[in-house]
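These notes concern the structure reproduced below.
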Amino acid sequence: MIDLKYLQKSFDEATQKLSKKGVDNETLENLKQLFIGLKEANATLEEAKAEQNRMSKLFGQYKQEGKDIGELKAKVDANKEVIAVLQAKANEAEEALQNVALAMPNLPDERVPVGTDEADNIELKKVLEPRTFDFEPLEHWALAEKNGWIDFERGVKLAKSRFSVLRGEAARLERALINFFLDVNREKGFEEVCVPYINNAAMLQGTGQLPKFGDDLFKIEEEELYLIPTAEVPLTNLYHDEILNENQLPILLTAYTPCFRKEAGSAGRDTRGMIRQHQFDKVEMVALTTPEQSDQIFELMVENASDILTRLGLPHRLVELCGGDLGFSAACTIDLEVWLPGQNKYREISSVSNTREFQARRAKIRFKEGKKNTLVHTLNGSALAVGRTLIAIMENYQNADGSITIPKVLEKYM
RNA sequence: GGACAGUUGGGUGAGUUGGCUGAAACCACAUCCCUGCUAAGGAUGCGUACUCGUAAGGGUACCGAGAGUUCGAAUCUCUCACUGUCCGCCA
């Protein structure tokens, strides 16, 4: 959630920043008014309550002293009705504010380029030269069929479209990648954790998936529980509503989890192959830091994801997302895109974001800074998306006969 | 799933004949003092959120969540959630 006090105080600056994300002035003006309205409503309500408390105290005194309480009771009863009305107004104001505030995206950082979509993102650098083929490289689904690695039909039979089954070497490679990723992350100082794949609504609101993006989540019927769309949710919310000690920070976490997404709004995109699935494996990094540490940790996370790709010998590039392509919670994001020779283009394989205090405010994660409680910064990034890495290996390591070479670093994991 | 018990501040844990308790005590933590030597003694401070105020200092709310009774509830009533123990079931 954005800082409403900041919005009120520095309204012009906030509108200018949020215009990068396509939020118009009117929406922000409305939010500001709702905030001011709530404060006013609360002020009058609290005044009435204070009066009520004073009279209640007197009430007890009078009774003890045996004084007549008839007049006081009349006053108190009258005030009670006033409070009920004011309370209703305040509740209404609160709800109206929350509805708008929780749907407001994070402020982008200064350095985020202006732009509306993918096309306006800025390439920062390329790592590793794509190899040249002396034959026409195939796309991963063709390779999958040749090698019997992915069973798309049976995946659909078991569940529905956008589900698939990995078989034999592919299944082993998937597992090898998970272990490899976790090991590298652990080397870099991330604590490995194993978390629930089902989280409750409060957690999803904490990281920003709810209330606005519930359509993209698989919900458990009859319960306020959801399959996680990313390990970012349980990892970040591990410290939901907690106050940490400054010396605990930074907290670096990594976890392997499957991820579940409805992919609402992606109808028709990447329908062929395994790029976009309802269920996919991912190893995620999450960091909780002080505001001072977060830029440095952000770099660490980007470099780590890039390092993993380099160790796998996968050509990739780093892309700074423009305002329009930035996620809801992110203040800045660098995507890592891996080269897919079969598709002849770079495709997203990791996304590292700094949400600053946006999620921390929602999830109430603070740390003691002297006597003060300060919101932490939360960061998240994939290291890496496992299925897409598998695809990248298939396409980059394919041979003329359709066979696939296993990258050296993975040999000991197979 | 059945039976009983519980849910208080960072921790342990008082408080359940409704007002003097936002909450004792102890521990932990912070600052200071004493002492001198590795183990202790003393003082003070120490929940969260919002809000008013330059500040000092006020106000409101919160004792699992929600609703109710009452002038007034951590304390009474109801609903729900969670935890523990026993039983059943099970990887």
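The figures that follow rest on heavy atoms only: side chains count, while hydrogens, waters and symmetry mates do not. The sequence lines fix the lettering, A, B, ..., with proteins before strands; numbering per chain opens at 1.
- For the OP1/OP2 pair of B/C71 and a distance below 4.0 Å, the side-chain nitrogens and oxygens of A/K73 include at least one atom meeting the criterion.
- In a base pair of the Watson-Crick type (N1 to N3 plus N6-O4 or O6-N4) or a G-U wobble (N1-O2 and O6-N3), with each distance short of 3.5 Å, B/G22 is matched with no nucleotide.
- Dashed line: the shortest gap from a side-chain N or O of A/K49 to OP1 or OP2 of B/C50 is not under 4.0 Å.
- Spacing of C1' atoms, B/A49 relative to B/G11, comes out at 22 Å, to the nearest Å.
- Here A/I243 lies in heavy-atom contact (under 4.0 Å) with sugar-phosphate atoms only.
- Base pairing analysis places B/A43 opposite B/U31; the two distances defining the Watson-Crick or G-U wobble pair are each below 3.5 Å.
- Going from the C1' atom of B/U21 to that of B/U16 covers 13 Å, rounded to whole Å.
- The separation between A/R366 atom CZ and B/U48 atom C1' is 7 Å, rounded to whole Å.
- Pair assignment for B/G6 gives B/C82, based on Watson-Crick or G-U wobble hydrogen-bonding distances that are each under 3.5 Å.
- When heavy atoms are screened at a 4.0 angstrom cut-off, A/K57 is found touching no nucleic acid atom at all.
- Between the C1' atom of B/U51 and the CD1 atom of A/I36 lies a distance of 15 Å, rounded to the nearest Å.
- If you take NZ of A/K75 and P of B/G72, they are 16 Å apart, rounded to a whole angstrom.
- Although no hydrogens or angles enter the test, the distance criterion places no donor-acceptor pair under 3.5 Å between the side chain of A/D325 and the main chain of A/L321.
- Across all strands shown, nothing is found opposite B/U16 as a Watson-Crick or G-U wobble partner with both distances under 3.5 Å.
- Among the heavy atoms of the strands lying under 4.0 Å from A/A50 are primed sugar atoms or P, OP1, OP2 only; no base atom is included.
- By the 4.0 Å N-to-carboxylate-O rule, A/E242 lies too far from A/K364 to be salt-bridged with it.
- Rounded to whole Å, the distance from CG on A/N42 to P on B/G58 is 21 Å.
- Straight-line distance between the P atoms of B/C71 and B/A55: roughly 39 Å, to the nearest whole Å.
- In this entry the distance linking CG of A/N91 with C1' of B/A61 reads 12 Å, nearest Å.
- Look at B/G1: its Watson-Crick or wobble partner, with both distances under 3.5 angstrom, is B/C87.
- Between the side chain of A/E337 and the backbone N or O of A/R347 there is no donor-acceptor pair closer than 3.5 Å.
- B/A73 makes up no base pair with any nucleotide shown, lacking Watson-Crick or G-U wobble contacts both under 3.5 Å.
- The backbone N or O of A/V233 sits nowhere less than 3.5 Å from a side-chain atom of A/T236 that would complete a donor-acceptor pair.
- Between B/A74 and B/A67, the distance separating the two P atoms is 15 Å to the nearest Å.
- As a whole-Å value, the separation of A/D241 CG from B/G10 C1' is 13 Å.
- Taking 4.0 Å as the cut-off between side-chain N and carboxylate O, A/D109 and A/K17 do not count as a salt-bridged pair.
- Here B/C50 presents its C1' atom at 17 Å from CG of A/L34, a figure rounded to the nearest Å.
- By the 30° and 60° cut-offs, the orientation of the rings of A/Y413 relative to A/F180 is perpendicular.
- As the counterpart of B/U60, B/A49 is assigned, both hydrogen-bonding distances of the Watson-Crick or G-U wobble pattern falling under 3.5 Å.
- Taking only side-chain nitrogens and oxygens, A/N53 comes nearer than 4.0 Å to OP1 or OP2 of B/A61.
- Comparing A/M55 and A/E51 along RNA chain B, the residue whose closest nucleotide (by nearest heavy atom) sits nearer the 5' end is A/E51.
- Along RNA chain B, the nucleotide nearest to A/F59 and the one nearest to A/N373 differ in position, and the one closer to the 5' end is contacted by A/N373.
- Of the side-chain N and O atoms in A/K80, none sit less than 4.0 angstrom from OP1 or OP2 of B/U70.
- For the C1' atoms, the distance from B/U44 to B/G58 is 23 Å, rounded to whole Å.
- Across the P atoms, B/G59 and B/G53 are found 16 Å apart, a figure rounded to whole Å.
- Inspection of the A/T405 and A/N399 side chains reveals an N or O donor paired with an N or O acceptor under 3.5 Å.
- Counting any heavy atom pair closer than 4.0 Å across all strands shown, A/R54 reaches no nucleic acid atom.
- B/A49 atom P lies 16 Å from atom CD of A/E46, rounded to whole Å.
- Comparing the P positions of B/G6 and B/U60 gives an interatomic distance of 33 Å, to the nearest angstrom.
- Taking the P atom of each, B/U8 and B/G45 are spaced 26 Å apart, rounded to whole Å.
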